Amino acid sequence: GLFALSAIISGEIRQGLIWLIVCQILDGLDGVFARRFDVKTHAPRINGTTLDLVIDYVTCVVVPVVLMLELELLPSSWEIIIAGLIFFTSALWFARSDQETEDSWFNGFPASWNLVIPSFIILEIDHTWVIIISILFCIAQLTTIKFPHLVKVKTLRPLTLSITFIYFCALTALSIEFPDGPEELKILLVIAPLYVILLAVWR
């Protein structure tokens with residue numbers, strides 16, 4: 001996360017995007033390592049869940065918002081409003097006691113700004129749509145609309161995992177090639193979020 005932030009502030013956007021991908025990979029592995037080394041036994045005073053939330057807030061919210069501001073994805077008059085709204089509603093989401101249902105659906109949009117904002121950049125989304133989409137996701141963070149955990153949810157799991165894998169590969173490839181990249185891959189950055197929204201509507 002620090003490497004991503006440093007690269008973004010230095011204007012090395014491609015490196016920043018790649019480090020955000022690395023953050024996502026590590027986020028998927030940290031729980032596996034924690035269980036493998038039995039952290040609860042060897043570090044009983046450290047709450048792994050709380051630590052994970054702190055790290056996720058930095059890498060999924062703070063760093064992507066800095067990226068959004070550095071690249072001026074918003075009109076100057078809207079920057080503080082949208083950035084502040086994202087920080088505030090994301091903090092409230094991370095503080096929720098009902099983040100996840102028993103069948104592994106998230107209550108509200110799970111503050112995945114590390115996916116949303118890089119997609120804004122790669123797809124070259126217009127300022128107006130960045131504002132509209134950001135506000136809608138901020139509102140969604142405070143609701144009980146069910147968003148699927150892309151790995152755990154059992155409904156249509158093979159299809160969800162396949163689309164998630166393809167999306168992640170496309171995002172990785174486009175981040176490495178930024179600001180260039182095949183237009184065909186960019187379509188996948190639209191299809192996957194639409195699929196997630198359809199799942200949420202279905203639920």
Side-chain angles (χ1 to χ4, degrees), residues 1-24 26-28 49-100 105-150 167-168 171 174-175 178 189-190 192-194 196-197 199-200:
L2 178 60
F3 287 146
L5 188 60
S6 176
I8 292 164
I9 292 172
S10 300
E12 301 290 341
I13 304 305
R14 180 186 298 177
Q15 289 185 29
L17 291 170
I18 292 171
W19 280 117
L20 280 176
I21 295 291
V22 174
C23 287
Q24 292 177 54
L26 293 177
D27 185 42
T49 301
T50 302
L51 180 60
D52 189 55
L53 292 175
V54 172
I55 294 170
D56 283 351
Y57 187 79
V58 172
T59 59
C60 297
V61 182
V62 175
V63 175
V65 169
V66 172
L67 177 60
M68 181 170 66
L69 297 177
E70 284 291 314
L71 287 184
E72 299 179 348
L73 299 188
L74 296 162
S76 57
S77 58
W78 280 88
E79 285 183 342
I80 192 68
I81 297 171
I82 298 300
L85 191 61
I86 292 174
F87 282 148
F88 179 65
T89 56
S90 297
L92 291 180
W93 189 85
F94 276 109
R96 288 179 70 153
S97 58
D98 65 339
Q99 282 184 1
E100 198 171 324
W105 290 74
F106 292 117
N107 275 313
F109 173 64
S112 302
W113 296 100
N114 57 325
L115 296 176
V116 173
I117 292 174
S119 296
F120 285 162
I121 296 164
I122 292 170
L123 295 174
E124 300 177 340
I125 301 295
D126 179 75
H127 285 347
T128 302
W129 280 107
V130 170
I131 293 171
I132 293 171
I133 295 170
S134 296
I135 290 175
L136 288 175
F137 276 129
C138 285
I139 293 171
Q141 287 181 137
L142 306 178
T143 69
T144 55
I145 296 171
K146 305 296 186 287
F147 285 78
H149 187 299
L150 297 176
Y167 172 85
F168 188 75
L171 183 61
L174 287 166
S175 296
F178 183 82
L189 296 190
V190 177
L194 287 177
V196 170
I197 290 170
L199 269 184

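Nothing here was measured: the structure is a model prediction, and the numbers come from that model.
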For this session: Apply side chain to side chain contact (heavy atoms under 4.5 Å, CB included) to Ile82 and Val130, showing your working.
Result: CA-CA 9 Å; Ile82 298 300; Val130 170; 5.9 Å; no
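- Looking at Phe94 and Val54, their side chains never come closer than 4.5 Å, going by heavy atoms from C-beta outward.
- One distance of note links CD1 of Ile86 with OG of Ser134; it measures 4.5 Å at 0.5 Å rounding.
- Listed by first then second residue, pairs satisfying side-chain hydrogen bond (donor to acceptor under 3.5 Å, both in side chains) with a partner in residues 51-64 number zero, not counting sequence neighbours.
- By the side chain to side chain donor-acceptor pair (under 3.5 Å) test, Trp113 pairs with Ser90, Gln141, sequence neighbours left out.
- Taking each heavy atom of Gly1 and Cys23 in turn, the nearest pair found is N-SG, 3.5 Å.
- Residues passing the ring pair (Phe, Tyr, Trp, His ring centres under 6.0 Å) test with Trp105: none are found, sequence neighbours excluded.
- At a threshold of 4.5 Å between non-hydrogen side-chain atoms, the residues Leu199 and Phe147 do not count as touching.
- Contact between Val190 and Pro193 at its shortest, heavy atoms only, is O-CD, 3.2 Å.
- Side-chain contact between Phe109 and Ile145 is absent, with no heavy-atom pair separated by less than 4.5 Å.
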Problem set entry | side chain to side chain contact (heavy atoms under 4.5 Å, CB included) assessment of Leu5 paired with Val58 | CA-CA 10 Å; Leu5 188 60; Val58 172; over 6 Å; no
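- A 4.5 Å side-chain heavy-atom check between Ile81 and Ile131 finds every atom pair outside the cut-off.
- Thr144 is linked by a side-chain contact (heavy atoms from CB on, under 4.5 Å) to Arg96, Asn107, Lys146, counting only residues two or more places apart in sequence or in another chain.
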Side-chain donor-acceptor pairs under 3.5 Å in residues 72-79, sequence neighbours left out?
none

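- Residue Leu174 holds its CG atom at 5.5 Å from CG of Leu189, rounded to the nearest 0.5 Å.
- The closest side-chain heavy-atom distance from Ile55 to Asp27 is not below 4.5 Å.
- Applying the side-chain contact (heavy atoms from CB on, under 4.5 Å) criterion to Glu70, with sequence neighbours excluded, gives Ile8, Val66.
- A distance of 11.0 Å separates CD of Glu100 from CG of Asp98, quoted to the nearest 0.5 Å.
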Compile the donor-acceptor pairs under 3.5 Å between side chains in residues 114-122 and protein atoms, sequence neighbours left out, one pair per line.
residue	atom	partner	partner atom	Å
Ser119	OG	Leu115	O	2.8
Ser119	OG	Tyr167	OH	3.2

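- Annotation: ring pair (Phe, Tyr, Trp, His ring centres under 6.0 Å) contacts of His149 (sequence neighbours excluded): Phe106.
- With sequence neighbours left out, Phe3 forms a ring pair (Phe, Tyr, Trp, His ring centres under 6.0 Å) with Trp19.
- Gln99 and Trp93 make their closest contact through NE2-O, 3.3 Å (heavy atoms, listed as atom of the first residue, atom of the second, distance).
- The shortest non-hydrogen separation linking Cys60 to Pro64 is O-CG, 3.5 Å.
- Here the side chain of Ser175 pairs a donor or acceptor atom with the backbone of Leu171 at under 3.5 angstrom.
- Taking the salt bridge (Lys or Arg N to Asp or Glu O under 4.0 Å) definition, one finds that Arg14 meets it with nothing, sequence neighbours left out.
- Taking Phe178 as the reference, nothing meets the ring pair (Phe, Tyr, Trp, His ring centres under 6.0 Å) condition, with sequence neighbours excluded.
- For residues 112-122, there are no salt bridge (charged side-chain N to carboxylate O under 4.0 Å, His left out) pairs, not counting sequence neighbours.
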For this session: Tell me, with the steps shown, if Phe168 and Ile21 meet side chain to side chain contact (heavy atoms under 4.5 Å, CB included).
Result: CA-CA 9 Å; Phe168 188 75; Ile21 295 291; 3.7 Å; yes
